[in-house]
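Quick notes on the structure that follows.
Protein chains get the first letters and strands the later ones, always in sequence-line order, with residue 1 at the start of each. What you see is a predicted model, and the numbers here were worked out from it, not measured in a lab.
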Amino acid sequence: MHKARHLNVSGILINGAALVLVLSYALPYMYLLMTSIKPAADVQQIPPSFFPAVLSFENFREVLRSSTLPKAFVNSLTVAVLTTALSLAVAVPAAYVATQYRRRITTLFLLFALVTRMVPSVSLGVPLFQLLKSLGLLDTVPGLVLAHTSAAVPLALLLMSAFFEGMPRELEEAARMDGCTRFQAFRKIVLPVMTGGIAVTALFTFITSWNEFLYALLLTSEATKTAPIVIAEYNSVYGLAWGAMTAAAVLYSLPVIVVTLALQKQIVGGLTFGAVKG
Amino acid sequence: MSGEDRFVLCMLAPAVAILGLLVAYPVGLLIFDSFFKVDTITPNIREWVGLQNYVDALTSKRVAESALRTVQYSVFALFFEFTFGFCAALLFSAMAGESRWHRTIFALPLMVPPIVAGLLWRFLLVGNIGILNYGLVRLGLIDDPNEIAWLSSEDIVIYSVSFADIWLTTSFVALVSYAGLTNIPKDLLEAARIDGANALKRFWHVTLPLMRPVIAVVVIVRGVDAAKTFDLIWIQTQGGPRHASEVFSMNIYQRMVRFGDLGEASASGALFLIVMMLLAALAYWKIWRPVHA
Amino acid sequence: MAGIELRNINKVYGNRFHALHDLNFDIRDGEFMVFVGPSGCGKSTALRMIAGLESISSGELRIGDRVVNHIDPKDRDIAMVFQSYALYPHKTVRENIAFPLQMARLPTTEIDSRVNEAARILELTALLDRKPALLSGGQRQRVAMGRAIVRKPAAFLMDEPLSNLDAKLRVQMRGEIASLQRKLNVTTIYVTHDQVEAMTMGDRVAVMKGGVLQQVDTPQNLYNRPENVFVAAFIGSPSMNLYEAVLNGRTLTLGSNSFEIPDRVFEYRPSLNGASNRQVIVGFRPEHMNDAAIRPSSAEISAPVTLVEALGSESLVHLNIDAAWVDAGDPDAVADIGDERAAVARFSPKSTVRAGDIARIAVDAEELHFFEPDTRTSIW
């Protein structure tokens with residue numbers, strides 16, 4: 001009797017604490033959403049209010065009618081899709097042999113990929129700028145795709161390695177006994193079996209490119225500005241256009257949030273995979 | 001060469017080529033350039049200066065200050081991310097199966113692009129209209145909403161800009177730690193309980209030692225990321241006021257873009273790279289290895 | 001269909017680990033051959049070399065009339081059943097079984113009829129459109145079999161195919177696989193660590209240890225005429241009891257016990273004749289020992305009883321024999337209960353001996369085995 005009540009009290013405490021914690025982390029983004037649907041004039045009112053007094057899509061209309069943001073979204077999307085395709089195309093086969101055909105060279109290769117993750121992007125950004133300049137690829141989509149790929153490939157390699165780690169070697173062997181060459185076994189059996197892992201990895205590489213800021217800042221000027229660059233520029237170009245900025249930020253972040261929430265289970269799995277297995 | 005070796009090479013080659021072109025070659029170029037005087041506008045004209053770029057970087061007050069700020073920022077952000085994240089993970093695991101929704105909502109900031117997080121926190125902290133100070137007034141913690149100038153006071157700005165980082169990545173720490181906690185075998189904790197260990201002792205003697213590899217990974221990954229931070233701070237303050245929030249990566253960027261000194265930026269970039277590698281290696285050997293050995 | 005020949009086959013890994021030493025034997029066309037041995041004995045490696053999944057370091061491997069050392073698995077005309085079954089999780093049962101035929105580019109009608117035929121034989125017809133995840137362990141095992149038989153290959157290779165099933169199903173599938181093999185009459189190599197599977201299924205059994213072939217023979221001969229101490233101990237359960245002993249004329253001295261060896265033994269093993277003070281390793285199986293109080297014999301020993309396991313149909317009596325115990329070298333052998341050095345006797349359940357008694361044991365001396373102490377090979 002006493003024990004049961006004690007448990008109950010601590011249960012309520014734990015639940016209460018968790019609720020407070022979760023709410024306090026959700027509030028800032030809620031505020032962003034609320035601000036974006038205020039009339040532009042209300043955004044900078046003093047004192048600020050959390051909820052909009054009047055509902056208005058004025059801010060969204062403004063950013064969508066502007067000449068820069070829609071084009072920036074197209075750029076971001078193009079770069080992210082191409083980066084994802086290129087990164088997966090090289091990382092998936094490499095991660096496969098690195099985990100299933102362990103030997104000194106593959107171990108070294110994975111170690112190199114891991115080390116690459118530690119390289120500060122600014123250190124890489126300086127010479128990448130030179131490289132793309134000499135190739136004539138500054139401020140072009142292929143140039144930015146290459147830069148983003150340098151960050152996305154190591155990530156895709158590590159994620160895919162973790163997924164392949166969980167795949168039994170026998171699947172490939174069975175396929176080879178059933179008449180496949182190694183390449184056929186990879187294409188006809190391994191890839192279809194791994195679609196789940198590949199999808200999660202694709203999402204992660206997509207987000208890496210979609211969110212990337214520093215390379216875009218360094219390596220683009222006019223033609224291929226991506227969405228985060230344009231949003232950041234609301235600062236200077238429009239003075240402090242908070243209303244437009246919040247609307248642009250919502251348009252930029254909400255799709256990713258919705259997709260990842262929908263795939264939450266797989267994403268969290270992918271995130272914690274390598275870390276927990278150590 | 002056997003068929004197997006050929007297959008391995010074929011599968012590996014594209015990734016090796018990409019990483020070679022986009023990582024190894026640039027790193028080589030970075031180190032090469034660091035021994036020259038090079039201008040950003042004309043990167044093909046090089047003048048050998050030996051170690052002069054390194055000497056300049058290591059003796060510059062502004063570089064030293066930005067390095068110190070990077071440490072302040074990283075330690076501050078990491079400490080709070082880890083504390084909040086680990087506590088959240090403990091809370092969630094104490095709730096057993098009932099924490100699914102909590103974890104889903106808690107993971108939200110994880111999906112917010114850094115640039116948006118930076119903007120958002122700037123909006124929350126900015127003078128006059130920053131809602132955070134109004135909230136603090138409401139809670140009775142301060143008297144006047146203009147009492148704390150989060151982003152315009154040189155003394156505190158380097159800590160203020162880390163709020164966005166903490167908000168953004170606490171959930172990463174929490175989710176990884178939670179996964180680690182759920183991986184701890186229940187019977188170990190039960191055995192400790194039967195042996196008479198109270199909750200605190202169980203945490204100290206069972207949970208914490210078993211979480212060591214997870215903690216190591218979190219600290220390494222997050223520590224390296226925090227030290228590399230550029231976008232979050234850039235969007236909030238662009239390094240200001242008066243360089244008071246200029247971290248090391250931003251210093252490199254400024255010297256390359258604003259001052260056009262590619263050689264010196266390369267030297268700093270190379271130093272940054274070396275320090276990060278050493279730190280990661282040290283963390284790996286000191287924290288992670290003992291458990292596996 | 002074809003026979004398989006192994007000639008001086010060796011496997012040395014990159015780290016210089018010598019996994020297989022000079023493997024030499026033939027598997028006849030249509031024969032059911034079992035590779036058995038403790039873990040790490042090289043039996044799976046040998047199978048995977050025959051499959052083509054491991055390279056052959058030296059020696060010659062023939063399937064039919066072809067040397068296949070450097071031929072890809074897909075071109076060796078063999079099918080394999082894996083321990084984990086390795087069913088393709090994204091394909092249905094039908095697609096799993098059809099896959100090898102599709103790879104062989106057979107016409108669709110031919111594939112359909114062969115898949116249906118295989119499904120009929122294995123009673124999988126009702127399950128053809130399910131994914132492997134929805135099948136029970138036994139059903140998955142049968143799909144793996146189906147994928148192998150549908151190709152009508154020259155040989156089947158099976159790598160511990162029953163070890164993931166529970167004990168009851170294992171006994172059932174043991175019979176099914178053996179009778180299927182007899183029906184199809186396809187050369188089969190079956191790897192297992194379970195000597196009961198080996199004895200019940202194989203036409204012949206190859207016993208391996210530490211990468212070295214110990215003996216290839218019929219199950220009956222392995223039991224009756226083991227070539228060395230290891231085979232003697234490995235075949236049969238509980239294991240043969242092995243002790244150092246001294247033979248003088250016809251008298252065998254085992255610790256403090258002595259008894260006379262009957263003439264028949266000397267007819268089997270003529271080289272034991274005229275022994276004087278000869279050191280031997282003597283082996284006697286638990287089933288050849290009985291309670292002398294129930295069935296008296298001319299060869300009797302006495303020893304203290306340390307433990308009695310009453311199993312109903314029989315009693316396993318653990319004895320502390322005061323002679324030097326011989327380690328047969330089976331790395332998997334685990335101490336059952338109590339001292340692993342104890343001798344075990346299989347007594348009739350009527351026996352009344354109890355732990356702590358000094359039991360009188362009747363030894364069936366005609367069934368004794370003798371081995372050289374230094375080479376550990378059988379004395380014939």
Hey, which of [options] has the most heavy atom pairs under 4.5 Å with chain A?
| options | value |
| --- | --- |
| B:L124, B:V137, B:V38 | B:L124 |
| B:T229, B:T170, B:V218 | B:T170 |
| B:D225, B:V257, B:L262, B:N133 | B:L262 |
| B:P14, B:G269, B:A15 | B:A15 |
| B:L120, B:D231, B:V224 | B:L120 |

Portion of [X] that has a non-hydrogen atom of chain A nearer than 4.5 angstrom:
| X | result |
| --- | --- |
| B:V8 | both |
| B:C10 | side chain |
| B:T40 | both |
| B:Y253 | both |
| B:L168 | neither |
| B:V16 | both |
| B:W121 | side chain |
| B:L91 | both |
| B:D33 | side chain |
| B:F123 | both |

Under 3.5 Å donor-acceptor pairs involving side-chain atoms of residues 18-32 of chain B, not counting sequence neighbours:
none

Side chain / backbone / both / neither for [X] at chain B, heavy atoms under 4.5 Å:
| X | value |
| --- | --- |
| A:Y25 | both |
| A:R117 | backbone |
| A:F109 | side chain |
| A:V126 | both |
| A:V97 | side chain |

Could you check whether any side-chain N or O of [X] sits under 3.5 Å from a backbone N or O of [Y], counting only pairs where one atom can act as donor and the other as acceptor?
| X | Y | value |
| --- | --- | --- |
| A:T226 | A:S76 | no |
| B:K228 | B:G223 | no |
| B:W234 | B:I115 | no |
| B:Q236 | B:Q238 | no |
| B:N53 | B:A267 | no |

What residue in [options] has the most heavy-atom pairs under 4.5 Å with chain B?
| options | value |
| --- | --- |
| A:S253, A:P228, A:P154, A:P127 | A:P127 |
| A:L146, A:T149, A:L86, A:L128 | A:L146 |
| A:V119, A:L157, A:T181 | A:V119 |
| A:T246, A:L218, A:V256, A:L23 | A:L218 |
| A:A248, A:P93, A:A227, A:A147 | A:P93 |
| A:P28, A:P47, A:S150 | A:P28 |

Scan side-chain atoms only and decide if B:T169 and B:E81 contain a donor-acceptor pair under the 3.5 Å cut-off.
yes
Q) Do A:T107 and A:R102 meet the criterion of a side-chain donor-acceptor pair at a distance under 3.5 Å? A) no
Rounding to 0.5 Å, atoms OG1 (A:T35) and CE (A:M245) come to a distance of 12.5 Å
| field | Separation between CG of A:L219 and CZ of A:F129, rounded to the nearest 0.5 Å | value |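 So the gap between those two atoms works out to 7.5 Å.
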So, are A:R182 and A:E173 salt-bridged, with charged N and O less than 4.0 Å apart?
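Salt bridge flag = no for A:E173 with A:R182.
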Can you tell me if CZ on A:R103 sees more than 12 non-hydrogen neighbours from other groups inside 6.0 Å?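 Yes, CZ of A:R103 has more than 12 neighbouring heavy atoms, counting only those of other groups under 6.0 Å.
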B:A89 meets the side-chain contact (heavy atoms from CB on, under 4.5 Å) criterion, sequence neighbours left out, with B:S177, B:Y178, B:L181
Exercise. Once the angle between the rings of A:Y96 and A:F186 is folded into 0 to 90°, is it parallel (under 30°), tilted (30 to 60°) or perpendicular (over 60°)?
Worked result: tilted
Minimum heavy-atom distance A:A80-A:S209, with the two atoms named |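 Closest pair (atom of A:A80, atom of A:S209, distance): CA-OG, 3.2 Å.
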